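One structure is given below, encoded as structure tokens.
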Protein chains: 2
Amino acid sequence: MSHWVYGRLMSVDRTQVLRAAAALLTRKATATMDEVARAAGIGRATLHRHFAGRDALVRALEELGLQELEAAHDRARTEEGPADEAVRRLVAEVEPVGPLLSFLVTENQLFEGDQQNEGWARLDARVSALFRRGQEQGVFRIDLTPAWLTEAFYGLIGSGAWAVQDGRVAAKDFQYMIVELLLGGARRSVEK
Amino acid sequence: MSHWVYGRLMSVDRTQVLRAAAALLTRKATATMDEVARAAGIGRATLHRHFAGRDALVRALEELGLQELEAAHDRARTEEGPADEAVRRLVAEVEPVGPLLSFLVTENQLFEGDQQNEGWARLDARVSALFRRGQEQGVFRIDLTPAWLTEAFYGLIGSGAWAVQDGRVAAKDFQYMIVELLLGGARRSVEK
DNA sequence: ATCGAATGAGACACTGATGTCTCATTGGGT
DNA sequence: ACCCAATGAGACATCAGTGTCTCATTCGAT
């Protein structure tokens with residue numbers, strides 16, 4: 001059932017197309033199928049041959065984003081070491097996926113009742129587990145629920161990525177600002 | 001040039017329509033003009049008589065949101081007292097506008113090159129000034145720029161509002177969670 | 001009770017995007 | 001050099017949403 005592996009030709013690299021689509025759609029979420037095709041350097045017909053429709057394309061992008069986020073989690077090894085350092089590693093690894101994440105979150109809001117990809121629940125669980133672990137370690141406060149911290153995590157990544165893309169803040173500060181705010185907050189404390 | 005004040009009838013309250021539109025669009029951003037009209041309890045033709053088109057409707061919602069945000073700022077009296085307490089008051093006042101704010105931010109991303117309403121810049125300036133004041137007071141850390149803190153503020157309000165609307169987190173925790181995270185961060189500190 | 005502004009419902013043309021199809025062309029494998 | 005899968009370009013029908021218009025009806029002011 002592998003559409004994308006043919007006996008002879010593989011002229012159009014599915015992943016390459018997805019990356020081009022992601023790059024465009026994260027900047028202009030309403031981009032047309034034709035625009036996506038041109039951005040990927042292929043014809044609209046070919047785009048349709050690989051992705052049945054706009055929905056299918058978005059679903060594929062969702063799959064790509066989920067894979068990259070899972071990979072980022074794996075690389076960050078969030079189960080190892082102090083939780084705050086793990087959060088620091090995680091933010092660093094997730095940063096490149098920020099724009100795509102932001103796009104997918106917005107897009108997902110439209111799929112109201114439709115079944116959500118269970119991948120999101122798995123990711124939520126991983127982030128949530130990290131914060132819970134931090135609480136059990138005594139590193140994180142216990143009055144902020146893991147669910148809220150998870151929302152805040154994704155929220156900061158998303159709006160941070162957008163702010164960078166929009167030029168409102170400097171890209172080089174992304175990681176530091178998000179980690180420091182997430183962990184330490186804005187208030188000046190005695191320590192540090 | 002006041003379309004909405006007639007000699008005799010004012011059957012359709014423009015503000016009432018806007019509130020209904022906001023309530024619907026914040027849940028389903030792709031709602032059709034027809035759906036908006038039905039949600040407001042009026043006919044589509046009447047909706048068009050009051051708002052030239054979908055664009056005009058969104059612009060009007062933007063105006064409404066900006067007014068409410070400005071009003072929230074005023075009520076929070078962000079220029080008075082310690083900056084952290086001011087932030088606390090501000091979050092409390094802004095909370096009800098959260099969903100609308102979230103909708104408008106997403107919607108604004110589409111108006112790519114078009115001229116942005118200068119109201120946003122004014123609001124940014126007010127929030128930014130609050131954080132800067134806090135830094136000058138010695139209440140806030142100085143290694144997090146006011147611009148980033150402002151982005152984080154709006155980001156947390158927006159994603160928090162959405163998480164509540166989606167039922168992922170409890171509405172009653174909104175204010176506390178956002179303020180505590182924004183000010184104190186996730187890390188357990190010696191104080192408090 | 002009357003008048004007229006405002007409304008609701010429906011018809012209509014228009015637009016933009018989508019999805020499908022055909023056909024000539026390309027380019028890699030043999 | 002040949003073959004054929006895959007592509008690009010374009011034509012086409014379709015569909016949903018929009019914006020405009022008409023006309024009968026409603027309802028408040030007088």
Side-chain angles (χ1 to χ4, degrees), chain A residues 1-22 24-62 103 106-107 109-114, chain B residues 1-22 24-62 103 106-107 109-114:
Chain A
M1 184 63 59
S2 47
H3 318 285
W4 52 89
V5 174
Y6 298 93
R8 301 181 170 222
L9 291 180
M10 296 206 319
S11 309
V12 170
D13 181 359
R14 182 185 161 98
T15 300
Q16 203 107 6
V17 173
L18 279 179
R19 299 218 172 268
L24 174 59
L25 287 171
T26 52
R27 280 180 292 110
K28 186 183 177 185
T30 59
T32 209
M33 287 293 272
D34 191 84
E35 292 174 297
V36 171
R38 288 179 193 286
I42 64 176
R44 194 166 68 95
T46 305
L47 180 61
H48 268 284
R49 286 188 192 102
H50 286 265
F51 304 96
R54 192 192 177 73
D55 259 28
L57 177 62
V58 172
R59 299 299 179 134
L61 279 174
E62 185 177 41
F103 166 75
T106 305
E107 202 72 10
Q109 296 178 177
L110 309 182
F111 288 164
E112 289 223 23
D114 305 19
Chain B
M1 184 64 59
S2 47
H3 319 284
W4 53 89
V5 175
Y6 298 93
R8 298 181 171 222
L9 291 180
M10 296 205 319
S11 310
V12 170
D13 180 0
R14 180 184 164 98
T15 300
Q16 203 108 5
V17 172
L18 278 180
R19 299 218 172 267
L24 174 59
L25 288 172
T26 52
R27 280 181 292 109
K28 185 183 177 185
T30 59
T32 222
M33 288 293 274
D34 191 84
E35 293 175 296
V36 171
R38 289 179 192 287
I42 63 176
R44 194 167 68 96
T46 305
L47 180 60
H48 268 284
R49 286 190 191 101
H50 285 265
F51 304 97
R54 192 193 177 73
D55 259 28
L57 177 61
V58 173
R59 299 300 179 131
L61 279 174
E62 187 177 40
F103 165 75
T106 305
E107 202 72 9
Q109 297 177 177
L110 310 182
F111 288 165
E112 290 223 22
D114 305 20

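Values in this document were obtained by computation on a predicted structure and should not be read as measured data.
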message = Using side chain to side chain contact (heavy atoms under 4.5 Å, CB included), reason through L24(A) and E35(A) one step at a time and then give a plain yes or no.
response = CA-CA 8 Å; L24(A) 174 59; E35(A) 292 174 297; 4.1 Å; yes

task = Nearest whole angstrom, please: distance from the P of dA17(C) to the CG of L57(A).
result = 16 Å

task = Take the protein atom CZ of F51(A) and the nucleotide atom C1' of dT20(C), then report the distance between them rounded to whole Å.
result = 18 Å

key: Any T46(A) side-chain nitrogen or oxygen under 4.0 Å from OP1 or OP2 of dA6(D)   = no

message = What is the distance, to the nearest angstrom, from the CG atom on L47(A) to the C1' atom on dG8(D)?
response = 13 Å

inquiry  = Please compare T30(A) and A52(A) by the position of their nearest nucleotide in DNA chain C and report the one closer to 5'.
reply    = T30(A)

query = In this structure, are over 12 heavy atoms from other groups packed under 6.0 Å from R38(A) atom CZ?
reply = no

inquiry  = Ignoring hydrogens and geometry beyond distance, is the side chain of R44(B) in donor-acceptor contact with the base of dG19(D) at under 3.5 Å?
reply    = yes

ask   = Do the side chain of R38(B) and the base of dG8(C) come within less than 3.5 angstrom through a donor-acceptor pair of N or O atoms?
value = no

ask   = Does F51(A) reach the side chain of R59(A), with side-chain heavy atoms less than 4.5 Å apart?
value = no

ask   = To the side chain of H50(A), which of dG10(C), dT7(D), dG8(D) is closest?
value = dT7(D)

message = Using whole Å, what does the distance between atom C1' of nucleotide dT7(D) and atom CD1 of I42(A) come to?
response = 10 Å

Where A20(B) and A40(B) come nearest, the two heavy atoms and their spacing = CB-CA, 3.7 Å

query = Among dG10(C), dT18(D), dC23(D), which nucleotide sits nearest the side chain of R49(B)?
reply = dC23(D)

inquiry  = Tell me whether the side-chain N or O atoms of R54(B) pair up with the base of dG19(D) as donor and acceptor below 3.5 Å, since no angle test is needed here.
reply    = no

remark   = Rounded to whole Å, the CG-C1' distance (D13(A) to dA6(D)) equals 15 Å

inquiry  = Whether T32(B) contacts dA16(D) is assessed here as follows: a side-chain N or O lying under 4.0 Å from the phosphate OP1 or OP2. Is that the case?
reply    = no

query = To the nearest angstrom, how far is R14(B) atom CZ from dT7(C) atom C1'?
reply = 17 Å

query = Do L57(B) and M33(B) pass the side chain to side chain contact (heavy atoms under 4.5 Å, CB included) test, and can you show the C-alpha distance, the side-chain angles, and the key distance before you say yes or no?
reply = CA-CA 9 Å; L57(B) 177 61; M33(B) 288 293 274; 4.2 Å; yes

key: Side-chain N or O of H48(B) closer than 4.0 Å to phosphate OP1/OP2 of dC21(D)   = no

